[in-house]
Amino acid sequence: MAAPVSAARPPAGGSTRSWAPMVPRWTVYVAGLIPAAWALGLGLNDALGAEPIKELEHLLGLWALRFLLAALAVTPLRQLTGVNLLRYRRALGLLAFYYAALHLAVYLLLDQGLDAGAIAADVLKRPYITVGFASFLVLLPLAATSTNGMIRRLGGRAWARLHRFVYLAAALAALHFVLVVKSWPAEPLIYAAACAALLASRAYPAAAAARRGPRT
Amino acid sequence: ADVLRAAASRFSTDEKQTSRQDATSYNNFYEFGTDKGDPATYAGALVTKPWTVRVDGLVDKPADYALDDLIKPFALEERIYRHRCVEGWSMVIPWLGFPLAEVIRRAEPSSAAKFVAFQTLMRPEQMRGQRGFLPVLDWPYVEGLRVDEAMHPLTILAVGMYGETLPNQNGAPLRLVVPWKYGFKGIKSIVRISLVDKEPPTSWNRQAPSEYGFYSNVNPAVDHPRWSQATERRIGDGGLFAKRRPTLPFNGYGEQVAGLYAGMDLKTYF
């Protein structure tokens with residue numbers, strides 16, 4: 001679920017900071033799943049406050065959005081600073097998907113108790129749920145094709161084109177957060193602004209290239 | 001908090017009460033921030049002594065009352081009420097207070113008075129939510145009731161809960177409780193009660209008129225535009241595996257209050 005500068009292309013070499021490749025990829029997955037384990041542990045120990053289901057749902061959704069934005073930040077970060085985290089981008093994207101799936105599972109199982117009528121009504125009638133659900137559906141094929149084998153089978157170009165849908169997923173996820181709250185509190189707006197900035201950075205590739213300047 | 005004495009009331013429910021811990025730590029009081037934990041964290045900054053309440057408008061005896069003088073003539077009652085938030089959660093809270101009707105009668109309203117307008121304290125230096133860079137609401141918070149709603153015996157002004165004076169995060173020192181309406185109608189930290197002849201503006205209605213009506217009676221048949229109101233989650237009902245409960249019309253107080261709305265289309269007047 002990476003952004004389009006695809007893994008099929010050779011990685012941009014020279015500007016990589018030396019510390020980045022020293023961290024093995026699996027540690028990103030392990031570290032990335034700590035918030036989920038932590039939240040679940042708090043929930044099972046009745047330590048998630050007055051509305052534990054809502055809190056768990058919210059935390060998982062928030063981390064899904066954070067990892068999605070982190071995955072989107074890899075390319076601009078490299079362009080702006082030269083720090084190259086490309087080799088961790090798949091992990092970040094997949095973590096976003098795992099959290100989105102857990103978030104959805106909590107909604108379906110714990111929040112709605114698998115009440116099909118209530119869930120169908122929610123998905124069809126509530127824009128924030130429609131939008132959130134759509135975001136998950138967009139992420140699904142991206143997660144399913146986040147393997148080296150799938151990149152080979154699809155071909156780098158088609159794979160990159162498909163994975164450009166991550167922009168749509170991120171925009172929908174940020175909108176989902178804004179729509180779920182009353183009034184206009186700051187937090188969802190900050191995430192929406194970060195998402196907008198990350199998407200906007202793709203809209204000006206020429207400007208970005210100019211900023212990148214000569215490699216040292 | 002000071003201990004208060006209060007008589008039991010026939011209007012109380014015998015449902016299991018929400019824990020004091022949950023009722024005083026999970027609050028919406030946007031004057032202190034939008035997070036549910038913000039009021040408990042930041043409301044300590046609010047100074048509630050001295051406190052003055054102005055009762056004015058279309059009344060023969062307008063007055064500025066020191067809080068103690070406002071309360072003194074009335075016997076406190078404990079009212080254990082269901083409390084339903086528009087967000088879809090609910091609690092059962094033992095309030096201590098007295099009927100709002102008593103305060104209104106004492107002011108001797110004129111026959112032109114049709115509505116009651118309420119206002120919360122405006123004091124940004126103690127209420128951090130009021131000095132936000134992006135105000136979530138147009139301060140000060142205002143609310144309103146029709147006079148017959150305000151005079152209804154279920155409608156109280158609360159000065160305490162759980163046998164003690166109100167914690168700041170719950171609306172100290174004086175708040176409105178209207179148990180058949182969504183919680184945001186229960187305006188907190190009241191400084192002004194005015195009898196008026198026209199429907200007064202209300203904060204959430206001004207913020208999003210299509211989502212929050214003037215009446216805001218609890219109604220499972222009228223969804224919030226963005227979420228269902230058919231069910232609710234009772235706080236403290238049992239961790240991660242608690243089931244939702246069906247929401248009752250008028251929050252279960254229909255027998256007492258449905259008559260107030262006879263002939264009104266509650267989908268229009270939501």
Side-chain angles (χ1 to χ4, degrees), chain A residues 36 39-60 62 102 105-115 117-132 175-190 192-193, chain B residues 18-28 30 33-38 40 85-91 129 132-138 141 182-184 203-204 206-208 211-212 220 223-246:
Chain A
L40 200 62
L42 288 178
L44 293 173
N45 285 297
D46 207 9
L48 276 180
E51 256 194 301
I53 296 173
K54 185 140 280 183
E55 184 64 16
L56 183 63
E57 205 171 56
H58 174 71
L59 284 173
L60 294 169
L62 199 55
L102 288 169
V106 168
Y107 164 75
L108 295 174
L109 293 168
L110 301 182
D111 193 351
Q112 298 297 333
L114 284 179
D115 178 340
I119 293 165
D122 263 359
V123 172
L124 296 175
K125 280 166 64 181
R126 321 268 169 234
Y128 82 92
I129 292 184
T130 316
V131 164
L175 181 62
H176 172 63
F177 193 13
V178 169
L179 287 176
V180 75
V181 294
K182 291 193 304 185
S183 185
W184 302 95
E187 194 188 19
L189 296 179
I190 292 167
Chain B
T18 302
S19 74
R20 187 181 190 284
Q21 167 64 24
D22 282 344
T24 58
S25 64
Y26 194 74
N27 307 106
N28 280 320
Y30 280 17
T34 54
D35 192 271
K36 296 282 189 297
D38 285 343
C85 179
V86 73
E87 296 166 349
W89 52 267
S90 64
M91 296 186 180
F133 157 67
L134 291 169
V136 280
L137 290 168
D138 204 0
Y141 197 90
Y182 292 118
F184 67 84
S203 285
W204 278 103
R206 277 199 301 209
Q207 207 279 333
E211 302 190 351
Y212 311 99
D223 287 341
H224 185 282
R226 291 182 286 139
W227 55 83
S228 167
Q229 295 292 21
T231 60
E232 66 200 51
R233 205 174 281 293
R234 179 65 57 83
I235 301 297
D237 246 358
L240 286 182
F241 305 101
K243 295 262 180 293
R244 288 172 175 273
R245 302 170 172 238

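Convention: sequence-line order gives letters A, B, ...; per-chain numbering from 1.
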Donor-acceptor under 3.5 Å (Q229(B) side chain, V86(B) main chain)
yes
Chain A interface, residue from L137(B), D223(B), D35(B) that has the most non-hydrogen pairs under 4.5 Å
D223(B)
Please flag which part of L109(A) lies under 4.5 Å from any non-hydrogen atom of chain B: side chain, backbone, both or neither.
neither
Using modelled atom types only, decide if a donor and an acceptor are shared between the side chain of R234(B) and the backbone of T18(B) within a distance under 3.5 Å.
no
Under 4.0 Å between a side-chain nitrogen and a carboxylate oxygen: does that hold for R233(B) and D111(A)?
yes
Please classify the contact of N28(B) with chain A as side chain, backbone, both or neither, using a heavy-atom distance under 4.5 Å.
side chain
Where does D115(A) contact chain B at under 4.5 Å (heavy atoms): side chain, backbone, both or neither?
neither
Aromatic W204(B) / basic K182(A) pairing, under 6.0 angstrom, 45° off normal
yes
Note: vs chain A, highest number of non-hydrogen pairs under 4.5 angstrom among W227(B), Y212(B), W89(B), Y30(B) is W227(B)
Highest number of heavy-atom pairs under 4.5 Å with chain B: which of V181(A), N45(A), D122(A)?
V181(A)
Please check if the side chain of T130(A) supplies one atom and the backbone of V123(A) the other of a donor-acceptor pair under 3.5 Å.
yes
Using a strict cut-off of less than 4.0 Å between a Lys/Arg side-chain nitrogen and an Asp/Glu carboxylate oxygen, indicate whether E87(B) and K36(B) qualify as a salt bridge.
yes
Under a 3.5 Å distance rule, please check whether R226(B) uses its side chain to pair with a backbone N or O of Y128(A) as donor and acceptor.
no
Portion of V106(A) that has a non-hydrogen atom of chain B nearer than 4.5 angstrom:
neither
Quick one: what part of I53(A) sits under 4.5 Å from any heavy atom of chain B, side chain, backbone, both or neither?
both
Need one label for S228(B): side chain, backbone, both or neither, based on atoms under 4.5 Å from any heavy atom in chain A.
both
